[in-house]
Protein chains: 2
Amino acid sequence: MTQTWLIIGILSGILSVGVALYLYRWVMRQDAGSERAREVAGWIRDGAASYLKRLYTALTLVAVVLGFIIGIVFSFDLTQLGSGNVNINPTNGIIMAGAFVFGALCSAIAGYMGMGVAVQANVRSAVGVQDNLNRGFRVAFFAGAVLGLAMVGLAVIGMSVIFLFTKNAEVVLGFSFGASALALLAKAGGGIYTKTADIAADLVGKVEVGIPEDDPRNPAVVADNVGDNVGDVAGMGADIFDSYVASTVAAMLLGAAMAGTDTLKYTVFPLILCTLGIFASLIGIQFVRVGKNGKPGAALNFGTIFTCVIFAVMVIALVLIGGYDLSILWSTLIGLTTGVVIGNTTEYFTSDEFKPVRETARVSGSGAAITIINGFSYGLLSIFPSIVGIVIATLVSFYVSEASGVISGVYGIGISAVGMLAVSGMIVSADAYGPIVDNARGIAEMAGMEHEVIERADVLDSAGNTAKAITKGFSISAAALTVLALFAAYAEVIEARGLSLEISLRNPLVTAGVLLGAMTPPIFSALTMLSVTHNAFDMIEEIRRQFREDPGILAGTSLPDYKQCVSLAAQGALSSLVIPAFLAVGLPLLVGFILGPEALGGFLGGAIFTGVIFALLMSNAGGLWDNAKKYIETGQFGGVGSEAHKAGVVGDTVGDPFKDTAGPSLNTLITVMSLVSSLFAPVIAAFHIF
Amino acid sequence: MTQTWLIIGILSGILSVGVALYLYRWVMRQDAGSERAREVAGWIRDGAASYLKRLYTALTLVAVVLGFIIGIVFSFDLTQLGSGNVNINPTNGIIMAGAFVFGALCSAIAGYMGMGVAVQANVRSAVGVQDNLNRGFRVAFFAGAVLGLAMVGLAVIGMSVIFLFTKNAEVVLGFSFGASALALLAKAGGGIYTKTADIAADLVGKVEVGIPEDDPRNPAVVADNVGDNVGDVAGMGADIFDSYVASTVAAMLLGAAMAGTDTLKYTVFPLILCTLGIFASLIGIQFVRVGKNGKPGAALNFGTIFTCVIFAVMVIALVLIGGYDLSILWSTLIGLTTGVVIGNTTEYFTSDEFKPVRETARVSGSGAAITIINGFSYGLLSIFPSIVGIVIATLVSFYVSEASGVISGVYGIGISAVGMLAVSGMIVSADAYGPIVDNARGIAEMAGMEHEVIERADVLDSAGNTAKAITKGFSISAAALTVLALFAAYAEVIEARGLSLEISLRNPLVTAGVLLGAMTPPIFSALTMLSVTHNAFDMIEEIRRQFREDPGILAGTSLPDYKQCVSLAAQGALSSLVIPAFLAVGLPLLVGFILGPEALGGFLGGAIFTGVIFALLMSNAGGLWDNAKKYIETGQFGGVGSEAHKAGVVGDTVGDPFKDTAGPSLNTLITVMSLVSSLFAPVIAAFHIF
């Protein structure tokens, strides 16, 4: 039966990738518009390709080096360490290294497909909007679905194949680490890239020479639009890909750690949930439609909720028919519900329909400082509903499961995380839609389309922003539950080596670990944000140089050197990743090998707690400032050009690296730290100084 | 012998208070200057008195209510709870309530004395500066010493008397809770008050009508100057008072929990350290001198270091002669050294001699958003040295003590916190100097003194800022070690009731507790900062009303209604404290009674970790922005009036509530939460739902 489910999983994955490829071809068949529009889109496409080439070259290097290290380490029989006997089993090493590289590869392919379609869909969506809203919407959404479906499909294929052949959840951990390591670099690198270009383009373009957003005379305009793709499409996809895989692996490990005859059944259950999630997403995507002048935001939300409902029905059927313990159903549903609820409460803090955004817009009349203080404070308050939601989901899923007497409490937490993420196919589709329509708007502007078309593109764009706010809340909560499950999995992996692991806050080594872990997310945030301002200054110099050396650029008679800016942003972003990458992979190992496995447990705990808090703060404050500025631009409190608007722009610019660089990378950071700890837990258990 | 030490402690406390009174009279005998200067100082004095009256009325109410509750609760014999027998022992209740009220009273008296002298010393320091720098410096510093010496004196008297009569460290805990509860309200209330007035005065004064800082035509100018006193003198004094007492109590509790014949000896040792610290401070204060044109900053630093050296020598002698275990010496010295080192590394992030401030000033040319991003990022990075210092101090003091076989490791942590805080007499003197010279500068301006005098007052003022940055780093690290010791003490108090307490991160109740605890400091910060902007808007309306209704004010022919602004700020600040106070006192009890003592342990842990991080971030980022603005004002990057300066002003205004409202209250918040938990630990151990 387990065997059958694994094969069904692989087939559902293949189906999902197949549909993704079909949608990809469908998007490509759409009209790519006028010569001018094609040309503009071509610049963005080339810029994206050049960034991806650099990124994937760097990532290949990282994957090969890490894969090699993993291969060597896992070739040793660790149980013999210290006994004087050195047994070497290269097969183990090769399998683990292979799983790692496979994970990195799947993540890379999904990201590449998503980017590939996004840079083709943007212009086609813009052209579609020329006809009507619905046509533009469909192109963008189906292009988003390419990423969503490719991602979940590849993930489920990868995990199922590995488990089918090895029957060992720890090998799937290697796959997950590969996917996450890649995601971190793609996400943080993309985040630095996109905001470097954005800030530089704005500061010189809008402020110094006074040309509008997306003006083709701005040398950084292509880099800016490429940034939307690399940061929001490839980066975000990689981010949810990594939570998706990590939550499944964590639940599988926790399932495998339960004693009893049904161990295998419960180990595979998380994969079955993913499979059902794929089917639910495939159905849900069909129902995302918008009338000729309908509301795209409502359509996206309806699609998400509808997918959740289908998924819930499938899970109920599965549990009842499959003879699983009923508690597993509650854990799944509490996870799913919490995800939806947190996503929607996040909206309270970032939507212009509620007090936080309106109040921040109102006080902006008194200057940028008040805008910042207010937005930052509301960002801090926005932590509250998410944390309470996570606490409730954790406690309920734990105690319901524990009370069942069949499954363990921590396994219940793991399942609730999987329940939240199982519908990722749909979530990512709705999320990737955002940057595509953002780009479409940019292309419409640059290609000189009519005012009416740009207005319609704006409607699509603003729906994207709402969808993005909700999915961000969703993805942070999901990441939080995932890392809590990973944390439990880490402990199980250590104990599977016969060590008892007390991660007690009364042990000063654990306290030391927690303090060091707790400081990692803020420092990671600081480093990535400082990279943004630093790189933006380099690019500002470059833009000024181009304007100075060729006056024809501003006159509109000669074309700026877009490539130089793209290349500068890419180079800056990638070289800024060295220290953050060390923090993610090196620091946990250092803490583990020096202070021991209990301190490392504390370290993970500390990183999770502040990681979640800073991720929520930065994402929500950033979203709030963005929308406060937009609210003022609708004519409130003086509208465009007023003092309030100037303050709003400052808030928005501060919020950019908050919400697009630092904030969303933190999820991936804590996932990578948890995975690297669990993966190397057997080595650390065998060898540590304290 | 113990008895003797306690009596010596009481005598040293009386000596300290006596010297404080002598210095108070000395300050009062100094020349209070011209009619005009006296008049201006009178407004500030009256404003401060009116705020204090309101504050102390509110505090009396809080103290009576909490004291009553404590009296009732501790009248029950808790060991009998649940057994059906209800034994009542009102003496216990009266003693505990008495200790609580006594603690609140001592803290109030120290704060009142400090405020009382500060509002007299400001004008006298301004007048002194007319003569020469040294005279102005001496008045301000000795006035600061009134607060410093009164504070440590009263604290040591209170703790020694209580322990002398009860021989029970848990009763001293009641005293400490009284001091801290009062400190929290004084600190947070003062912080809200001072920034409400500051922001409102600046926004209407400087921005709307274009009159300079400290202009007597501004209706909020008195409130602003009162704010410096209530926030920085009374608030800061209360803040260090509370860490000082709490660290001593924590170490005493941990000493009492050690088995062995020397228990009493080690229980009293923290009090002896305080006594030696008083002597060291009394000597050190004599050596703070500055030549006629010398450097006041260097003089303050020299005094601090010199005091630390004297203290260290005394402790070495005590340990060697008194036959204490040598490990206790290392713990004391590591605490003391860490305090000094952390204080100085903090300077790297906030002094204009180093990269963070200069870099932030440089990028300000590109607009306020970049100023904010950069300053915030450096603020995040500034966490690093302090956390590493705290980790090293914790681990070294723990393991050195544990290895001794004589004292327990957690006791060592407690002693290192006491070692850091024992020289508080001197630290507070240097710190309270700052707001006094700040006020002196304001009075010099308002009273129309010569340009040269104002320049000299500026020199004094800037030394105050440096001293403040260092003592802030010091007080946050000290609070961190203190709460770590309190955390250990909490566990000991619970275990003294025969319960075993495992605060394991693998227990989901503990995880839930940590998450809830971790969100408390950010939410507390948000609430206090939102109160500032909210109240500032009310005051802006009032200032505008006064200008509108009496045009004579701006013309300089009629006096504005200063009292109305003072009263508005006071009322706003006090009514904003309700929810923050609930978070501090109510939430830990709620978590304890509902989720149980282990979850409460997690809650405290979570609050400590994020509390320290946010306190460091906010204090240091605020200090950095302040100094970046000042650095630009020295003529760098365009100087006053440039784009860089405008951006610097925005940074400074954002930093104000960061560093003066939210940041420094967080120390006290986590101390209060730890104390209330330890105090009610016996009740929670006897009764909780989960």
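Residue numbers start from 1 in every chain, and the chains themselves are labelled A, B, ... in the order their sequence lines are given, proteins ahead of strands. Atoms considered below: every heavy atom in the structure, side chains included; atoms not considered: hydrogens, waters and symmetry mates.
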Picking from B/Gly379, B/Ala491, B/Gly605, which has the most non-hydrogen pairs under 4.5 angstrom with chain A? B/Ala491
With a 4.5 angstrom heavy-atom cut-off, could you sort out which part of B/Phe398 is near chain A: side chain, backbone, both or neither? side chain
Check each atom of A/Ile608 against the heavy atoms of chain B and say whether the ones under 4.5 Å are side chain, backbone, both or neither. neither
At a heavy-atom distance under 4.5 Å, which candidate from B/Gly367, B/Ala369, B/Gly606 has the highest pair count against chain A? B/Ala369
Closest non-hydrogen contact found for A/Ser377 with B/Ala526 is O-CB, 3.2 Å
At what distance, to the nearest 0.5 angstrom, does CZ of B/Arg506 lie from OG of A/Ser504? 12.0 Å
Correct closest heavy-atom pair for B/Gly601 and A/Leu505 would be O-CD1, 4.4 Å
Under a 4.5 Å heavy-atom cutoff, which of A/Tyr378, A/Phe658, A/Phe537 has the most pairs with chain B? A/Phe537
Would you mind checking which part of A/Pro657 comes under 4.5 Å of any heavy atom in chain B, side chain (CB onward), backbone (N, CA, C, O), both or neither? side chain
Is A/Ala368 close to chain B through its backbone or its side chain, or both, or neither, when contacts mean heavy atoms under 4.5 Å? both
Just how far is it from atom OG of B/Ser386 to atom CG of A/Leu515, taken to the nearest 0.5 Å? 11.0 Å
Most contacts with chain A, counted as non-hydrogen pairs under 4.5 angstrom, among B/Thr653, B/Leu617, B/Val654: B/Val654
Tell me the closest heavy-atom pair linking B/Pro522 and A/Ile613, and the distance in Å. CG-CG2, 4.2 Å
Only pairs of heavy atoms separated by less than 4.5 Å count here; which of B/Ile413, B/Leu595, B/Leu616, B/Leu501 has the most with chain A? B/Leu501
Indicate the atoms forming the closest heavy-atom contact of B/Leu203 with A/Ser366, along with that distance. CD2-O, 3.4 Å
I'd like to verify something: which residue of B/Thr610, B/Thr394, B/Ile370 has the highest number of heavy-atom pairs under 4.5 Å with chain A? B/Ile370
Of the backbone (N, CA, C, O) and the side chain (C-beta and beyond), which part of B/Ile523 lies under 4.5 Å from a heavy atom of chain A, both, or neither? both
Which one of B/Leu381, B/Thr528, B/Asp652 has the most heavy-atom pairs closer than 4.5 Å to chain A? B/Leu381
Is it the case that more than 12 heavy atoms not belonging to A/Ile579 sit under 6.0 Å from its CD1 atom? no
In terms of relative ring orientation, are A/Tyr399 and B/Phe690 parallel, tilted or perpendicular, with 30° and 60° separating the classes? tilted
Show your reasoning for whether side chain to side chain contact (heavy atoms under 4.5 Å, CB included) applies to A/Thr511 and B/Phe609. CA-CA 9 Å; A/Thr511 308; B/Phe609 304 132; 4.2 Å; yes
Given heavy-atom pairs under 4.5 angstrom as the criterion, report whether the side chain, backbone, both or neither of B/Ile390 touches chain A. side chain
Under 4.5 Å to a heavy atom of chain B? For A/Leu530 that would be both
Under 4.5 Å to a heavy atom of chain B? For A/Leu484 that would be side chain
Where is the tightest heavy-atom contact between A/Ile373 and B/Thr533, given as atom of each residue plus distance? CG2-CG2, 3.8 Å
Most heavy-atom pairs under 4.5 Å with chain B, out of A/Gly655, A/Ala647, A/Pro508, belong to A/Pro508
Would you give the length of the straight line joining atom CE of B/Met529 to atom CZ of A/Phe376, rounded to the nearest 0.5 angstrom? 5.5 Å
To the nearest 0.5 Å, what is the distance between CD1 (B/Ile383) and CE (A/Met519)? 9.0 Å
For B/Ala488, is it the side chain, the backbone, both or neither that has a heavy atom under 4.5 Å from a heavy atom of chain A? neither
Which heavy atom of B/Leu380 sits nearest to which heavy atom of A/Ser525, and what is that distance? CD1-CB, 4.1 Å
